[in-house]
2 protein chains.
Amino acid sequence: MAERVMRTVRDLRRSNRSLLLRRLYFDGPLSRQDLIDTTTLSAASVSNVVGDLIGDGLVAEVGSVGSEGGRPRILLQVDCPRWHAIGVDVGETRVLVELFTLDLAVLAREEYPLPDGCRDVAAVVDRIDSGLRGVLAAGAVRQETIIGVGVGVPGVVAHSPELGAVVHGQTIGWDAVPLERLLREAGGVRAHLPLYIDNGATTLGQAEMWFGAGRGARDAVIALIGSGVGACVVVDGAPYRGTGRSAGEWGHTTVQVGGRSCRCGARGCLEAYVGAEAVIERFREVGPAGSPSGPPAEASEEGALAAILAAQERGEPAAAAVLEETAVYLGVGVANLINLFNPERIALGGWAGLLLGARLLPRVREVAREYALRHAFANVELSLCQLGPDAVARGAATLPVAGFLAAGSRPPRNQSAS
Amino acid sequence: MAERVMRTVRDLRRSNRSLLLRRLYFDGPLSRQDLIDTTTLSAASVSNVVGDLIGDGLVAEVGSVGSEGGRPRILLQVDCPRWHAIGVDVGETRVLVELFTLDLAVLAREEYPLPDGCRDVAAVVDRIDSGLRGVLAAGAVRQETIIGVGVGVPGVVAHSPELGAVVHGQTIGWDAVPLERLLREAGGVRAHLPLYIDNGATTLGQAEMWFGAGRGARDAVIALIGSGVGACVVVDGAPYRGTGRSAGEWGHTTVQVGGRSCRCGARGCLEAYVGAEAVIERFREVGPAGSPSGPPAEASEEGALAAILAAQERGEPAAAAVLEETAVYLGVGVANLINLFNPERIALGGWAGLLLGARLLPRVREVAREYALRHAFANVELSLCQLGPDAVARGAATLPVAGFLAAGSRPPRNQSAS
DNA sequence: CCGACTTATTTCGCGTTGTGATTTAACTCG
DNA sequence: CGAGTTAAATCACAACGCGAAATAAGTCGG
């Protein structure tokens, strides 16, 4: 019963504009002829639609490809430098605002620390608003070229008809914060500028799908391991969110009935074994308390995890044991993803995932092979994420870009003197 | 980069035909006015499209609804008795062929036992072919009214451009059987009659989604427990299959690292705890070997499982312990589904699932609440399947019906004298 | 029983779309 | 420089959905 977005003959054109625009964006540059061959559109229609796109400044002709006795094909490309998107990463310790061109190259960035976490909503909104104005000024970019703003937040994002996007962030103490309304009231986001708010892990996954380890895959899982453990499940090219938008809670799937206690209250969660916090704790339990080889209490989790890896490097058996166990649980978790989702690709990311993965990936793959069904395992590619843990803002910026490509249109004109 | 099925203005009409047809099929009877109100189509278009549908014999006017001072609304309905679909269930012990009207009411059925399992492909094809001819004769139905044939098989179904649907069935010894080609060659399926072949668990899930426990849900999981354990994951109203079409292998997700051995070769699989075979085996291990209260070795798995339930009923501690453990593992498995998929609905089915669920569902729900994240658990409805374990054929018949509704058209005319 | 009123459905003219056929443009090669 | 070749644009046409207007089919009050 999916409501069609396709009724009038005009929507048909929009759909075809979008089709050509997407192909040019992801696979460009291409000639009109390439478009004719690879889409089912007729030559006449391609010519018409491309003409419109060029007229609207979305596409530009760029050089031509040599011919062998005929008229050369003119190459077309989306005019990426002309349009801009903004991505915002609301982290637990800082707000990052970045200005991108349409192909998501960074033009400007502003970063604001959040000393007391982001519990104070007004402060966060204020930082985001300053950041927006800041990057616009720094990039010397006109508002009219901005196609939209994407925001990645650490929480579940629901949508209500009146308030727009509403954020529920258990870890940062946000309870039903109407972030969309607050941001619009702050004024930095023009009234009719598209504003997309989504979970930060999802936007990171989206970034990996477009530009990183997930590139080209239809069905994939981006597994994110930080202090906690989550996953961005991509089905048919788009993140799958579930009914309450909280799908992908990989970290709280049980891999050991009656196992270690997890901070979620349950026992035997995957996160209780492979999350950074859990790995560090397990090492503390097993490892030498006041060992001279490593600082007994690292200031940061990053440091502590690095210390464990270093200890293993030096051949300390306690570290090796903890990491081996971690690899086994991680492999089991990955196998579960393989068996349930049968994805084309699985990428391990998050700061801890990258740190651990660099060392443990071969062993994780080995364990996953043991636990996953043969057929499904044979069809999956397991790798590390490629964009680093700071791609949340870039991922957030993919949201307006995706909207832009789907609509196949320039941003709505801002009405003067209304 | 999904290829649009929408290019010309004619496809637009097809899409709108399909939209109205689907609404009438699932929510009918409805008046034209209802359609105008609920589908963004204009009155003029609704009138035109409905006129076409009536002209093609797909829709019929059926009575009218009382008015209050104006012209009464004429009620429309899909002309279900006029069209037919066939569903085939290829089970491990028998082939079942059923003839349905478009609303999937049974008109005729033929059942053929398969004494030696369905290893002999030719025998199976022969039985299906006989069944097709049989139900057509028994139902006294003309070939032209058949919109298609759906077949549910116990295996993974791949699609190749040359051979059509190819079945890989590990449990029945089928290795790349080109069932589509074989069936077409047998002749019972006319050349241009749509033929859909899919995994039996998936078709069963589809049946539950349309007419059973999943009715009305967009995102759901139909969990099937028989001798083995599987699941049909429904995303956005359609079964999710994954890259290699083997998604939903819930039974082989690990819930106990280093736990019981599973027949898949891994350890700690969910199936090794809650599958019928596993439950029976666990009872044999724990229970009194030659207890006078129950037959020591039941002939069938159904009987053995029923005996365990009966033993618990009588207060035997061994049976109670095994079933309690089963409920815990089942609850954990369900919680994992909830956390990963965040579905709207989870239905427990399969012959063993229904048998166990009738007794254990409250306890399973309790355990799932403990292990699942609060938010996701609060949004899920956990119930038993409603159609029984024999709805595979009906589910298979939904495949051609879905195709019929999606295309919005009558089956292609069979060309005479070609 | 009639006429005003109300509501449902169909009809009509228009603007927009994609298409195939045709025309025009742009280049290579001898 | 002209024949040959391929790319892109143009044109006439048929089909579509839409808003407005016309028509159909009732109710209700008298």
Side-chain angles (χ1 to χ4, degrees), chain A residues 3-21 24 29-56 59-77 408-409, chain B residues 3-21 23-24 28-56 59-77 408-409:
Chain A
E3 290 296 327
R4 277 261 173 282
V5 212
M6 175 77 44
R7 1 184 212 322
T8 159
V9 77
R10 218 150 178 163
D11 299 311
L12 187 54
R13 172 67 78 124
R14 234 202 305 281
S15 160
N16 284 336
R17 274 176 72 110
S18 170
L19 177 62
L20 296 190
L21 200 56
L24 287 172
L30 295 169
S31 68
R32 290 176 180 78
Q33 211 55 226
D34 295 329
L35 293 172
I36 294 166
D37 296 341
T38 54
T39 66
T40 54
L41 260 62
S42 71
S45 295
V46 168
S47 180
N48 278 332
V49 174
V50 167
D52 283 3
L53 289 172
I54 292 177
D56 288 345
V59 164
E61 298 190 335
V62 43
S64 60
V65 72
S67 73
E68 299 171 2
R71 177 176 176 172
R73 302 177 172 192
I74 300 171
L75 289 176
L76 304 165
Q77 210 173 19
S409 65
Chain B
E3 289 297 327
R4 278 261 173 283
V5 212
M6 174 78 45
R7 0 186 213 324
T8 157
V9 78
R10 216 149 178 165
D11 299 313
L12 188 54
R13 171 67 80 126
R14 235 201 307 280
S15 160
N16 284 336
R17 273 176 73 111
S18 170
L19 177 62
L20 296 190
L21 199 57
R23 256 188 84 48
L24 287 172
L30 295 169
S31 68
R32 290 178 180 77
Q33 210 57 226
D34 295 330
L35 293 172
I36 293 166
D37 296 342
T38 54
T39 68
T40 58
L41 256 63
S42 72
S45 294
V46 168
S47 181
N48 278 332
V49 174
V50 167
D52 283 3
L53 289 172
I54 291 177
D56 287 346
V59 164
E61 300 192 333
V62 40
S64 61
V65 71
S67 74
E68 299 172 1
R71 177 174 176 175
R73 302 178 170 193
I74 300 171
L75 288 178
L76 304 166
Q77 210 173 18
S409 65

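First the proteins, then the strands, lettered A, B, ... as listed; each starts at 1. In this text the structure is predicted, and so the values were computed from the model without any measurement.
- A sub-4.0 Å separation between OP1 or OP2 of C:dT17 and a side-chain N or O of A:N16 is absent.
- A:N16 places no side-chain N or O within 3.5 Å of a backbone atom of A:R13 that could act as its donor or acceptor partner.
- With C:dA8, D:dC16, D:dA7 as the choices, the nucleotide that has an atom nearest any side-chain atom of B:V9 turns out to be D:dC16.
- If you take CG of A:D11 and P of C:dT17, they are 11 Å apart, rounded to a whole angstrom.
- Mapped onto DNA chain D by nearest heavy atom, A:V46 and A:E68 fall at different nucleotides, with A:E68 at the one closer to the 5' end.
- Residue B:S47 has its side chain nearest to C:dT9 when only D:dA8, C:dG18, C:dT9 are considered.
- To the nearest angstrom, C1' of D:dA7 lies 12 Å from CG of A:L75.
- Using a 4.0 Å heavy-atom criterion, one finds that A:A43 contacts no nucleic acid atom at all.
- Between the side chain of A:D34 and the backbone N or O of A:S31 there is at least one donor-acceptor pair closer than 3.5 Å.
- Under 4.0 angstrom from either OP1 or OP2 of D:dA15 there lies no side-chain N or O belonging to B:R13.
- Put simply, CG on B:D52 is 13 Å from C1' on D:dG17, counting in whole angstrom units.
- Considering only heavy atoms from C-beta on, B:R7 comes within 4.5 Å of B:D11 through its side chain.
- At least one side-chain nitrogen or oxygen of B:R73 sits closer than 4.0 Å to the OP1 or OP2 atom of C:dA8.
- Candidate nucleotides C:dT19, D:dG26, D:dA8 were compared by shortest atom distance to the side chain of A:Q33, and D:dA8 ranks first.
- The base of D:dA25 has none of its N or O atoms less than 3.5 Å from a complementary donor or acceptor on the side chain of B:R71.
- B:I74 comes within 4.0 angstrom of the backbone, heavy atoms only, and of no base.
- Checking D:dG26, C:dT19, D:dC18 against every side-chain atom of B:R7, the shortest atom distance belongs to C:dT19.
- Side-chain contact between B:I54 and B:L76 is present, with at least one heavy-atom pair separated by less than 4.5 Å.
- Across A:L20, A:L24, A:V65, a single residue satisfies side chain to side chain contact (heavy atoms under 4.5 Å, CB included) together with A:L30, and that is A:L24.
- The phosphate of D:dG17 has neither OP1 nor OP2 within less than 4.0 Å of any side-chain N or O from A:T8.
- Checking the phosphate oxygens (OP1, OP2) of D:dA9, a side-chain nitrogen or oxygen of A:R32 falls inside 4.0 Å.
- Side-chain atoms of B:R10 stay outside donor-acceptor range of the base of D:dA15, with no qualifying N/O pair under 3.5 Å.
- Within the 4.0 angstrom heavy-atom criterion, base atoms lie near A:S45.
- Taking only side-chain nitrogens and oxygens, B:N48 never comes nearer than 4.0 Å to OP1 or OP2 of D:dC16.
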